[in-house]
Amino acid sequence: MTFGSTVAARGRGRKEVRYWIVGSDEADPARGRISIHSPLARTLIGKHVGDNVTAQLPGGRRPSTSSR
């Protein structure tokens, strides 16, 4: 995953969620546009499809698998 990537992720038993990694000025989390500086984006950068990742987020740790 890199800047500008659209990422589909699925956590344990949860539905697929899509994120688009964008610049800080374009971020709009409600629309799935996450800042490249966000904890989730920093966790996803450099990962590949099928990688299991665990993001340390303000609400706690969130494990997921990248699917796109």
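Taken from OG in Ser5 to CD1 in Ile45, the straight-line distance is 6.5 Å, to the nearest 0.5 Å.
Shortest non-hydrogen contact noted between Ala27 and Ile34 is CB-C, 4.4 Å.
Not counting sequence neighbours, Thr43 has no partner by the side-chain hydrogen bond (donor to acceptor under 3.5 Å, both in side chains) test. With sequence neighbours excluded, no residue forms a side-chain hydrogen bond (donor to acceptor under 3.5 Å, both in side chains) with Ser38.
Counting only distance, with no hydrogens or angles, the side chain of Arg33 and the backbone of Glu26 share a donor-acceptor pair below 3.5 Å. A donor-acceptor distance shorter than 3.5 angstrom exists from the side chain of Ser35 to the backbone of His37, with no hydrogens or angles considered. Trp20 contributes a side-chain N or O that, together with a main-chain N or O of Gly4, makes up a donor-acceptor pair within less than 3.5 Å.
Looking only at side-chain heavy atoms (C-beta outward), Val22 and Ile36 stay at 4.5 Å or farther from each other. Two residues are said to be in side-chain contact when any heavy atoms from C-beta on lie closer than 4.5 Å; Leu40 and Tyr19 meet this criterion.
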